[in-house]
Amino acid sequence: MSVVPVVVFACGNPSRGDDALGPLLLDQLQIWLDEEGLADGFELISDFQWQVEHALDLVGRRLALFVDAGQQTPAPFAFRPVQARDSTITGTHALSPEAVLSVLARISQQPVPPAFVLCVAGASFELGDGLSAAAARNADCAFELLKNLCRVSRFDAWQVKVSDQEAEGAPSPQA
Amino acid sequence: MDSMPFALETAAADSSTLRRVAIDPLSRVEGHGKVTLLLGEDDQVQQVRLHIVEFRGFEKFIQGRPYWEVPVMVQRLCGICPVSHHVAAAKALDHVVGADRLTASAEKLRRLMHYGQILQSHALHFFHLSSPDLLFGFDSEPGRRNIVGVAAAYPDVARQGVLLRKFGQEVIRLTAGKRVHGTGAIPGGVNRALTRDERDELLAEIYTIIGWSRQAVQLVKRLHAANPELYDRFGTCRSNILSLIGVDGTLDFYDGHLRARDADGSIIVDGLAVENYHQLIHEEVKPWSYMKFPFLAALGPQQGWYKVGPLARVQNCNSIPTPLAEAERREFIDHGQGKLIHAPLAYHWARMIEMLLAAEMIKDLLHDDDLSGTELTTGGTRHHEGVGVIEAPRGTLIHHYRVDDDDLVTTCNLIVSTTHNNQPMNEAIRRVALRYLNGRQLSEGVLNHIEVAIRAFDPCLSCATHALGKMPLQVELQDAAGQVLQRLRTVP
């Protein structure tokens, strides 16, 4: 069975305020991919946290994207390339995207795919809270980027988006 | 029972001569925890406390919801053990729908899901969180002390850890319906069975999983044998133990009655029905900690604190119901030479025995055609109250609900595994602090000894939030007034 070329991971808890940003964006993306007839090219994986087994979900991919909420992220989001990094220290039971990539590099002979992080600014992470108004606005901006990334899912095209964001500086319409 | 360390809990602080050291938050411990070390002149330890910022909003989060939503919603309490909460809630609500005895298929499918959770959680803890300390040493270079470092030095160990975890997650996916946010367990039973193909898919891997689990037990035994002085004495604190026990006296993660032993191994309480847990356990509040301190009511707070989890379970039962794990349990018990083993580092050995048990139980269940049965739910006379108790990976997990005539939850009480182990973790780090910190200059390696003792208990601090950048690790040196004197490390 052939491997779907692009994997999009999201992590977060749907019931912890803005921590829901990743899963919500992934749900929204799935609907849009279905409507656009693009769903076959993408596998979407949502979880509470990134873990060691997610390294196995990277095998055979052409591109990988990690979507998460960020606490100190400049609004509306940060989009950047990410690479395996051996020195990454695990903060808790969960792994950083760098560590997930590094685990793959260490446990298999498979090449690590080019990967990017989309970190959407959140503000409140309390259990039982819904998405904050600011996070909802940031999610709208992030979703526009997600759609563009999925329309042209090539490494060079994603790099251009990184450059575009860097050229724009750190926009902060919603703190 | 030891009483000496309480002095380190309550020591008065003279701000003119004391320094306060905070490890905040703990690395590789889920959620948010902080250790404060109050040091006197010449770095002598004066006071040691583990503060866990336990979120007490669980009950509020659940109250007012229809009871049938609860097994799904409680998974959002914790990103690390969602399946444990899922199963415990469903068990409690079985009583509400009058399902005092599930169908054979439903119970076996729930057990399979639960064993998958035990296996993946124990694999994650040992291979990912603890093996870096155990394989490289507590003082080793911090940047190497993680799963990536293990993968570099011990690629087979790291690979097996990942694949064990992956297998457990796959068991959960097939029984719960989804990799996360599953809905498999419902009040009165389950909502899906396994097909023959799904069972065959898991059976194709289970013998490899059992083999790797056996190797993991051997690895942890070799670590013990290589340095028995360290493994038998590091942070050791004698206490009572508590766990669920199967009806035939065997170790049972899913069902049974409550049994407690004292520090010498004598049975204090046995055969207590889980719905009477409140007769056995009371909780103490201390002014310096958000987390409660449970104790056996009959013994009081000073003498009644206890350990839960693998170290307690393996020694509290009469036997283990699978042959390979039972053989390992006997060897473990023999290691104690007739006495209960209280060493925190022995948690790892017991945990790997339990991982082997879970793998063997999964194998047995996969050969059972009841997993593909069609009678998945049952019911009976409605009740307004239910208690569900399971042995979660980290220890005894209690869910207690009351439901009104409108099917809404009016009362919710949860006692999670980490809360049971609050006092033992505090005691363990006090001993480690006295042994390793007194008179020494502070260093990351020395402070890591404190964290090693805490990690042995595998605390889960109920935090499913993990936004990027949310959990930096900081170690700060403060004076007694809280003024930061030195920032020892910050991890991005």
Side-chain angles (χ1 to χ4, degrees), chain A residues 11-23 45-57 66 68-73 78 84-108 117 119-123 125-129, chain B residues 25-32 55 57-58 60-61 73 75-80 82 120 123-125 127-129 132 142-152 155-156 158-159 161-163 165-166 168-169 179-181 460-473 491-492:
Chain A
C11 79
N13 183 340
S15 291
R16 277 194 184 267
D18 295 346
D19 202 37
L21 276 165
I45 297 174
S46 184
D47 212 327
F48 281 113
Q49 292 157 339
W50 290 316
Q51 257 313 330
V52 289
E53 68 272 14
H54 291 123
L56 302 175
D57 292 314
F66 296 84
D68 194 5
Q71 195 177 34
Q72 284 101 27
T73 305
R85 200 167 72 210
D86 283 1
S87 61
T88 302
I89 294 178
T90 51
T92 67
H93 283 75
L95 294 185
S96 66
E98 291 91 339
V100 174
L101 296 167
S102 195
V103 169
L104 174 65
R106 293 294 187 183
I107 66 169
S108 91
V117 167
C119 192
V120 186
F125 296 86
E126 295 304 315
L127 183 65
D129 284 357
Chain B
L26 295 161
S27 66
R28 280 177 284 146
V29 174
E30 186 50 36
H32 187 86
F55 185 76
F58 291 171
K60 184 181 172 190
F61 181 63
M73 293 307 297
Q75 295 176 85
R76 298 182 180 186
L77 298 177
C78 174
I80 292 302
Q120 66 88 7
L124 177 72
H125 182 266
F127 289 97
H128 173 197
L129 302 177
R144 194 182 180 208
R145 251 189 269 127
N146 53 55
I147 185 66
V148 176
V150 173
D156 287 343
R159 182 172 165 275
V162 173
L163 293 174
R165 161 94 176 169
K166 179 81 172 176
Q169 296 286 65
R179 197 151 130 175
V180 291
H181 313 304
C460 177
L461 308 184
S462 318
C463 177
T465 301
H466 194 67
L468 285 172
K470 190 168 172 60
M471 293 182 183
L473 170 64
V491 178

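We name chains A, B, ... by the order of the sequence lines, and we start the count at 1 in each one.
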Under 4.5 Å from any heavy atom of chain B, what part of [X] do you find: side chain, backbone, both or neither?
X: Asp57(A); answer: side chain
X: Ser108(A); answer: neither
X: Leu21(A); answer: neither

Between Arg106(A) and Pro155(B), what is the shortest heavy-atom contact and its length?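 That would be O-CB, 4.4 Å.
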
To the nearest 0.5 angstrom, please state how far the [atom1] atom of [X] sits from the [atom2] atom of [Y].
X: Arg16(A); Y: Phe61(B); atom1: CZ; atom2: CZ; answer: 8.5 Å
X: His54(A); Y: Gln169(B); atom1: NE2; atom2: CD; answer: 7.5 Å
X: Arg179(B); Y: Ile45(A); atom1: CZ; atom2: CD1; answer: 5.0 Å

Close side-chain approach of Pro14(A) to His181(B), heavy-atom, < 4.5 Å: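 They are in side-chain contact.
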
Heavy-atom pair count under 4.5 Å with chain A, highest-scoring of Arg165(B), Arg159(B), Met73(B), Gln120(B):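 Heavy-atom pairs under 4.5 Å are most numerous for Arg165(B).
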
Kindly write out the residues that satisfy side-chain contact (heavy atoms from CB on, under 4.5 Å) with Leu56(A), not counting sequence neighbours, or none if the list is empty.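 Counting only residues at least two positions away or on another chain, Leu56(A) forms a side-chain contact (heavy atoms from CB on, under 4.5 Å) with Ile107(A), Val162(B), Leu163(B), Lys166(B).
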
Taking only residues two or more places apart in sequence, or in another chain, which ones meet Asp47(A) in a salt bridge (Lys or Arg N to Asp or Glu O under 4.0 Å)?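 Asp47(A) satisfies salt bridge (Lys or Arg N to Asp or Glu O under 4.0 Å) with no other residue.
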
